[in-house]
Amino acid sequence: MATSPNKRTPRTPEADKAAAEKADYTVLSRLEHDGELYEEGDQITLTAGQAAPLLGHTLQPAKAAAT
């Protein structure tokens with residue numbers, strides 16, 4: 001069984017699936033992803049795993065941006 005990045009807890013299939021599911025995010029500050037530049041206010045679709053280290057300072061979930 002694979003382990004999570006922190007090497008302490010085993011990853012579960014459910015956690016892997018959740019990390020691979022894509023969602024929309026609003027860019028809060030300039031971001032380059034896969035060779036494309038995104039400016040503040042742009043929308044981007046990423047997996048939860050891709051977005052996790054950027055949440056709060058570079059991205060926010062798109063639904064939160066509408067409030």
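Smallest separation of non-hydrogen atoms from T45 and K22: CG2-CB, 3.8 Å. Between A51 and Y25, the shortest heavy-atom contact is CB-CZ, 3.5 Å.
Put simply, the side chain of L59 reaches to within 4.5 Å of the side chain of L46, judged on heavy atoms.
To the nearest 0.5 Å, the span separating CD on Q60 from CG on D24 amounts to 12.5 Å. The line from OG1 of T58 to CZ of R30 is 12.5 Å long, rounded to the nearest 0.5 Å. Atom CG of residue L37 and atom CG of residue L31 lie 8.0 Å apart, to the nearest 0.5 angstrom.
In this structure a side-chain-to-backbone donor-acceptor pair under 3.5 Å is missing from E36 to H33.
At a threshold of 4.5 Å between side-chain heavy atoms, the hydrophobic network of Ile, Leu, Val, Met, Phe, Trp and Tyr places L28 and I44 in two separate groups.
With 3.5 Å as the limit, one finds a donor-acceptor pair spanning the side chains of T26 and Q43.
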